[in-house]
Amino acid sequence: MKKLIFKLLRFSGLPLVFRELLQKNKITILLFHDISGKTAEQTFSYLRKKYNIIDLNDFVDSYYKKEKKAFPAKSLIITFDDGHIRNYEILPIIKKHNIPVTIFLCASIINTKRHYWFKYKDREIITSELKYKSNEERLKILSKHGFLQENEFENAQALTLSQINEMKKFVNFQAHTAFHPILPKCDDDEARIEIVDSKKTLENYGLHINTIAYPNGDYSSRDIELSKEAGYKCGITVDFGFNTLDSDIFKLKRLSVNDTEDINELIVKASGVWAFLKTRNGKKQSFGYK
């Protein structure tokens, strides 16, 4: 049913209207997580044809230089969250298309065999519901059902350091906290550790860290202040909308594409049509803790 909806929306002309009117003089940021090489080829091929793909660092640099750089029409930034190990498989596609990509890393999960808590499978756990628990309660529930965030497993779910080192010439690596908690559900000490330590850990790997993507897109004014204190220059949300050099640099808006293999869904979501409809005419996200 959803495939039909996306097809109808695509051919309704709405994505074209959004792209040529709303996106034309704005900067769109897209969110992916864990796409296959095949999906990456289709995705990047389409985006290159319809948008001008720019580097996140160029946007951040221009913002702080106050130079009001004229970015090309329909500028678009491609981002991936978490640092999933399969991200390594899209490196040849990135090279082929010669496009800038940013990957936000969970600093205490990469280069280990630790697992992402939100990928843990247990019949008695509904992962989406854990996002609404306090961080302490979430960790207790997971522990009760056999998951500790420091435990290592047989297989790695996140990128290794050798993979990151091979990719970093072509990929902009940035921070996504240490263990991917829901920041507003953390107490002050937990939030500070997640925000500060992730930056330090990644910089110890030789990466230049200036941006944090808030896990699940959720943030509070406290989390923004902690990010500023830690030395970040930029913060990425999943609030609906597009960006300019006058946007709040710690509340940059981003559109989730949901790792789709369906070209119709990609076209609709990349244009912002889907998020606009889902967030009640773009007024607000349905789950955020602001």
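Positions are given from 1 along the sequence.
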Asker: Would you check if the side chain of Ser247 reaches a backbone N or O of Leu252 as a donor-acceptor pair within less than 3.5 Å?
Answerer: no
Asker: Got more than 12 heavy atoms from elsewhere within 6.0 Å of NZ, Lys74?
Answerer: yes
Asker: Does Lys133 pair with Glu129 as a salt bridge, N-O distance under 4.0 Å?
Answerer: no
Asker: State, yes or no, whether a side-chain contact exists between Ile182 and Asn135 at a heavy-atom distance under 4.5 Å.
Answerer: no
Asker: For Met167 versus Asn87, what's the shortest heavy-atom pair and its separation?
Answerer: CE-O, 3.5 Å
Asker: Please check if the number of heavy atoms outside Glu261 that lie under 6.0 Å from its CD is greater than 12.
Answerer: no
Asker: Going by the angle between their ring planes, with limits at 30° and 60°, are Phe59 and Tyr63 parallel, tilted or perpendicular?
Answerer: parallel
Asker: Under a 4.0 Å N-O cut-off, is there an ion pair linking Glu41 with Lys96?
Answerer: yes
Asker: About how many Å separate CD1 of Ile110 and CD of Gln163, when rounded to the nearest 0.5 Å?
Answerer: 10.5 Å
Asker: Does Lys228 come within less than 4.0 Å of Glu225, counting only side-chain N to carboxylate O?
Answerer: yes
Asker: Using a 4.5 Å cut-off on heavy atoms from C-beta on, say whether the side chain of Leu245 contacts that of Phe71.
Answerer: yes
Asker: With a 3.5 Å distance limit and no angle check, can you tell me whether Arg114 reaches the backbone of Ser108 through a side-chain donor-acceptor pair?
Answerer: yes
Asker: Under a 4.5 Å side-chain heavy-atom rule over Ile, Leu, Val, Met, Phe, Trp and Tyr, are Leu255 and Ile99 clustered together?
Answerer: yes
Asker: Would you say Lys119 has more than 12 foreign heavy atoms packed within less than 6.0 Å of its NZ?
Answerer: yes
Asker: Any idea which heavy atoms bring Glu265 and Val257 closest together, and the distance?
Answerer: OE2-O, 4.3 Å
Asker: Between Asp61 and Asp55, is any pair of side-chain heavy atoms under 4.5 Å apart?
Answerer: no
Asker: Any heavy-atom pair between the side chains of Lys3 and Asn264 that's under 4.5 Å?
Answerer: no
Asker: I want to check something: taking the side chain as every heavy atom from C-beta on, are Ser198 and Tyr232 in contact at a cut-off of under 4.5 Å?
Answerer: yes
Asker: Going through the distances and angles, do Arg254 and Asp81 end up as a salt bridge (charged side-chain N to carboxylate O under 4.0 Å, His left out)?
Answerer: CA-CA 12 Å; Arg254 187 164 55 155; Asp81 277 3; 3.0 Å; yes
Asker: Hey, which of Glu137, Lys144, Arg138 is the one that makes side-chain contact (heavy atoms from CB on, under 4.5 Å) with Ile141?
Answerer: Glu137
Asker: The test is side-chain contact (heavy atoms from CB on, under 4.5 Å); show your working for Thr127 and Tyr120 and say whether it passes.
Answerer: CA-CA 8 Å; Thr127 304; Tyr120 185 64; over 6 Å; no
Asker: Same cluster or not: Phe44 versus Leu91, using hydrophobic residues (I, L, V, M, F, W, Y) connected whenever any side-chain heavy atoms lie under 4.5 Å apart?
Answerer: yes
Asker: Test of understanding: clusters of I, L, V, M, F, W, Y form through side-chain heavy atoms closer than 4.5 Å, transitively. Do Tyr205 and Ile195 belong to the same one?
Answerer: yes
Asker: Check whether any side-chain heavy atom of Gln174 lies under 4.5 Å from a side-chain heavy atom of Asn172, and answer yes or no.
Answerer: yes
Asker: Of all residues at least two apart in sequence or in a different chain, which pass the ring-ring contact (aromatic ring centres under 6.0 Å, His included) check with Phe118?
Answerer: Tyr116, His180
Asker: Go through the steps for Phe250 and Tyr214 under the test side-chain contact (heavy atoms from CB on, under 4.5 Å), then give the verdict.
Answerer: CA-CA 10 Å; Phe250 279 90; Tyr214 310 113; 3.8 Å; yes
Asker: Would you say Asn111's side chain and Leu161's backbone share a donor-acceptor pair under 3.5 angstrom?
Answerer: yes
Asker: Let me confirm one number: the NZ-OG distance from Lys185 to Ser134, rounded to the nearest 0.5 Å.
Answerer: 8.0 Å
Asker: Look up atom SG in Cys234 and atom CD1 in Ile212, then write down how far apart they are to the nearest 0.5 Å.
Answerer: 10.5 Å
Asker: Does Lys168 have more than 12 heavy atoms from other residues, nucleotides or ligands lying within 6.0 Å of its NZ?
Answerer: yes
Asker: Please table the atom pairs, donor to acceptor, closer than 3.5 Å between any side-chain atom in residues 24-37 and protein atoms at least two apart or in another chain.
Answerer:
from, atom 1, to, atom 2, distance (Å)
Thr28, OG1, Gln23, NE2, 3.0
Asp34, OD1, Arg86, NE, 3.3
Ser36, OG, Thr39, N, 3.1
Ser36, OG, Thr39, OG1, 3.0

Asker: Does Ser227 reach the main-chain N or O of Asp223 with its side chain, forming a donor-acceptor pair under 3.5 Å?
Answerer: yes
Asker: Report yes or no: does Ser45 contribute a side-chain atom to a donor-acceptor pair with the main-chain N or O of Gln42 at less than 3.5 Å?
Answerer: no
Asker: Report yes if the side chains of Ile109 and Phe179 come closer than 4.5 Å at any heavy-atom pair, otherwise no.
Answerer: yes
Asker: Would you indicate whether Ile126, at its atom CD1, is surrounded by more than 12 heavy atoms from other residues, nucleotides or ligands within a distance under 6.0 Å?
Answerer: no
Asker: Does a sphere of radius 6.0 Å around NZ in Lys140 hold more than 12 heavy atoms from other residues, nucleotides or ligands, not counting ones at 6.0 Å or beyond?
Answerer: no
Asker: Kindly state whether the ring of Phe80 and the ring of Phe104 have centres lying under 6.0 angstrom apart.
Answerer: no
Asker: Whether the side chain of Thr201 engages the backbone of Asp197 through a donor-acceptor N/O pair (distance < 3.5 Å, no angle test) should be reported.
Answerer: yes
Asker: Can you tell me how far the CD1 atom of Ile53 sits from the CG atom of Leu76, to the nearest 0.5 Å?
Answerer: 6.0 Å
Asker: If every non-hydrogen atom of Val268 is compared with every non-hydrogen atom of Phe6, which pair is closest and at what distance?
Answerer: CG2-O, 3.5 Å
Asker: Are Leu142 and Leu148 linked, directly or through other ILVMFWY residues, by side chains that come within less than 4.5 angstrom of each other?
Answerer: no
Asker: Can you tell me if Asn258 uses its side chain to pair, donor with acceptor, with the backbone of Thr260 under 3.5 Å?
Answerer: no
Asker: Near Asn98 CG, under 6.0 Å, is it more than 12 heavy atoms from other residues, nucleotides or ligands?
Answerer: no
Asker: State, to 0.1 Å, how close Ala191 and Cys186 come at their nearest heavy-atom pair, and which atoms those are.
Answerer: N-CB, 3.7 Å
Asker: Which atom names give the shortest non-hydrogen contact between Glu166 and Tyr88, and what distance separates them?
Answerer: OE1-OH, 2.7 Å
Asker: Which value, rounded to the nearest 0.5 Å, describes the distance between Lys131 atom NZ and Asp218 atom CG?
Answerer: 8.0 Å
Asker: Is the side chain of Thr43 donor-acceptor paired with the backbone N or O of Ala40 at a distance under 3.5 Å, no angle test?
Answerer: no
Asker: Please find the pair of heavy atoms, one from Lys113 and one from His115, that lie closest to each other, and give the distance.
Answerer: O-CD2, 3.6 Å
Asker: For Tyr64, is the NZ or CZ atom of Lys233 found under 6.0 angstrom from the centre of its six-membered ring and inside 45 degrees of the ring axis?
Answerer: yes
Asker: Any non-hydrogen side-chain atom of Tyr51 less than 4.5 Å from a side-chain atom of Ile77?
Answerer: no
Asker: Report the distance from atom CG of Asp248 to atom NZ of Lys251, rounding to the nearest 0.5 Å.
Answerer: 5.5 Å
Asker: Any chance you could lay out the salt bridge (charged side-chain N to carboxylate O under 4.0 Å, His left out) test for Asp188 and Arg222, step after step, and finish with the verdict?
Answerer: CA-CA 8 Å; Asp188 290 350; Arg222 176 205 62 189; 3.1 Å; yes
Asker: Between the main-chain N or O of His145 and the side-chain N or O of Glu124, is there a donor-acceptor pair closer than 3.5 Å?
Answerer: no
Asker: May I ask whether Leu159 and Phe170 are part of the same hydrophobic cluster, defined by side-chain heavy atoms of I, L, V, M, F, W, Y residues being less than 4.5 angstrom apart, directly or through others?
Answerer: yes
Asker: For Glu136, I'd like to know if atom CD has over 12 heavy atoms of other residues, nucleotides or ligands within 6.0 Å.
Answerer: no
Asker: Sub-3.5 Å donor-acceptor pair from the side chain of Asn52 to the main-chain atoms of Ala73, do we have one?
Answerer: yes
